[in-house]
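Input: a single structure, listed below in structure tokens.
First the proteins, then the strands, lettered A, B, ... as listed; each starts at 1. Nothing here was measured: the structure is a model prediction, and the numbers come from that model.
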Number of protein chains: 2
Amino acid sequence: MAADLKNFDTGAPEGRAVSEATLRRLPLYHRFVKELAQIGNLVVSCTQIGAALDLDSTQVRKDIEATGIVGRPRVGYGVPDLIAAIERFLGWDNATDAFLVGAGHLGAALLGYRRFEECGLKIIAAFDTDARKAGTEIHGKKILPLDKLPDLMERMKIRIAIIAVPAAAAQGVADLLVDGGVRAVWNFAPVRLALPQDVIVHNEDLYCSLAALSQKLKLAMQAEVRRQQQQQQDG
Amino acid sequence: MAADLKNFDTGAPEGRAVSEATLRRLPLYHRFVKELAQIGNLVVSCTQIGAALDLDSTQVRKDIEATGIVGRPRVGYGVPDLIAAIERFLGWDNATDAFLVGAGHLGAALLGYRRFEECGLKIIAAFDTDARKAGTEIHGKKILPLDKLPDLMERMKIRIAIIAVPAAAAQGVADLLVDGGVRAVWNFAPVRLALPQDVIVHNEDLYCSLAALSQKLKLAMQAEVRRQQQQQQDG
DNA sequence: TAGATTGTTAATCGATTAACAATC
DNA sequence: TAGATTGTTAATCGATTAACAATC
């Protein structure tokens, strides 16, 4: 059991907790710097990253600092070093096996994100209650009946799971996953799951995202109306 | 043109900008309170909402305050009033017609979110470059060839669009949408789009979300290893 | 009335931004 | 050297949390 976990212990000191905002920006830097690597750039500065992503360069530097990498004044960071540092910090340097539950359109879409494997997430199988789907494959990944999940989870020591089932089914799936010893859940169902405190959850609730967009659009439209009314008065 | 926009101008004073965090929590309250409405509850307090969603009741109150609703001490808020206040504040009270671009698995999944219409977003058509998809329907929504988008967008005065195409195609689609006069873009492609400043963008970048989950899992695993090593020393 | 809850103001906390020294 | 950039410390800003008066 301890041997099974040892590859998580890099011995490195970069285990500090860091703000969610920083964690969400690091993949942007990672992506941009990987593009630089492809065109052969060897170094990159925070100024450059900030300009490319329309972010303050000080913020970029603070974020990058969190990965523990040390740069060189006047030069910047080595491109391969920075890529490695971000990957190591995020835990993307060795992929964790994951199960996906729910092989509908959303589940199928998630199976199609090939880069997930480069980002520490290796989906090795998907599950669905629909017996007709069992045995088929999507994007080269096997779809299995849900009742095989408990046994397989135990045997394969799965620690991370993605829930892509309808809202009404999500809690039941979550319970199954908890029984199987899940440690982290990426939940795409629009419900708040009841889970033990030590299980990490990340909710991808599109209604919450939509709210932000909706309100901003509403404000913009109201402002536009006011502008037009002003013009009518003036004209 | 002005007449076309007038339903956005409610005349109400609830046009204040509010933090993204608040905007993302309001849909949770909305969902919970709608459930209460269904079982016939007439009033609800922040304490109750906070307990149900595992949030601080003061925070719930502050968020709800932003909607402009006035509650009654000792009682709480009227359930229908609160639902209406949240919907009005978010602009969910009258749905905006939207186009979806990209009818792959992800696009199909998004067409299946029936509740979007109750949340101010009415997807009226989807577009795809794949000629074989044109003319078909997914979840009752027509799939049209992408080259029809500019004309239709103009004619239907579409202001909001969802991008669900591969990363490489996203900027091209975005340009097309901007030409068509788009005001808000919900971008599911993992790229940062170059858009005019006055176009509202909301990026649903799963790699950014994954980073947060990955790092938390990594930290939890490291902590577990340390615990086990400690136990071995002790034992 | 007593007590729960809202509304509002103040305190705390943390993230972002600014300033500046160190370095190559 | 001059100047750009990192590393680090301080200032600012805003969100969360706490405190408390008002109210029914």
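Residue A/Glu65 contributes atom CD, which lies 9 Å from atom C1' of D/dT6 at whole-angstrom precision. Distance B/Asp81 CG to C/dT6 C1': 15 Å, rounded to the nearest Å. A straight line from CG of A/Asp56 to P of C/dA19 spans 12 Å, rounded to a whole angstrom. As a whole-Å value, the separation of A/Ile69 CD1 from D/dT5 P is 16 Å. Whole-Å rounding puts the A/Lys62 NZ to D/dT5 P distance at 19 Å. Remark: P of D/dG14 and CD of B/Glu20 are 15 Å apart, rounded to the nearest angstrom. Atom CD of B/Gln59 and atom P of C/dC13 are 16 Å apart (whole Å). In this structure, A/Leu55 atom CG and C/dT16 atom P are separated by 10 Å, rounded to whole Å.
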Please report the C-alpha distance between A/Thr67 and A/Arg88 in whole Å, then the side-chain angles of each, then the deciding distance to 0.1 Å, and finally whether the side-chain hydrogen bond (donor to acceptor under 3.5 Å, both in side chains) criterion is met. CA-CA 8 Å; A/Thr67 67; A/Arg88 193 154 21 87; over 6 Å; no
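A salt bridge links A/Asp205 to B/Arg31: at least one charged side-chain nitrogen sits closer than 4.0 Å to a carboxylate oxygen. Salt-bridge annotation for B/Lys62 and B/Glu65: absent, with no side-chain N of the basic residue lying under 4.0 Å from a carboxylate O of the acidic one. With respect to the salt-bridge test (charged N to carboxylate O, under 4.0 angstrom), the residues A/Arg159 and B/Glu224 do not qualify.
Nucleic acid contact class of A/Thr58 (heavy atoms, under 4.0 Å, all strands): base. Within the 4.0 angstrom heavy-atom criterion, only backbone atoms of the sugar-phosphate kind lie near A/Arg72; the bases stay farther away. As judged by a 4.0 angstrom heavy-atom cut-off over every strand, B/Thr47 is placed among residues touching the sugar-phosphate backbone only.
Closest-nucleotide positions on DNA chain C for B/Val75 and A/Ser19 were compared, and the one nearer the 5' end corresponds to B/Val75. The 5' end of DNA chain C is approached more closely, in terms of each residue's nearest nucleotide, by B/Cys46 than by the other of B/Cys46 and A/Asp63.
Taking a pair to require two hydrogen-bonding distances under 3.5 Å in either a Watson-Crick or a G-U wobble arrangement, C/dG14 pairs with D/dC13. Base-pair partner of D/dG7: C/dC20 (Watson-Crick or G-U wobble, both distances under 3.5 Å).
Side-chain contact annotation: A/Gln171 with A/Asp175, donor-acceptor N/O pair under 3.5 Å present.
If you look at A/Trp92 and A/Phe116, their ring centroids are not closer than 6.0 Å.
Contacts with DNA chain C (heavy atom under 4.0 Å) in residues 21-30 of chain A: A/Ala21, A/Arg25, listed by number.
Proximity note for B/Pro73 (side chain, C-beta onward) versus D/dT9, D/dT5, D/dT23: the nearest is D/dT23.
Residue B/Arg74 has no polar side-chain atom (N or O) positioned under 4.0 Å from OP1 or OP2 of D/dT23.
With rounding to the nearest 0.5 angstrom, the CD1 atom of B/Ile162 is 10.5 Å from the CD atom of B/Glu204.
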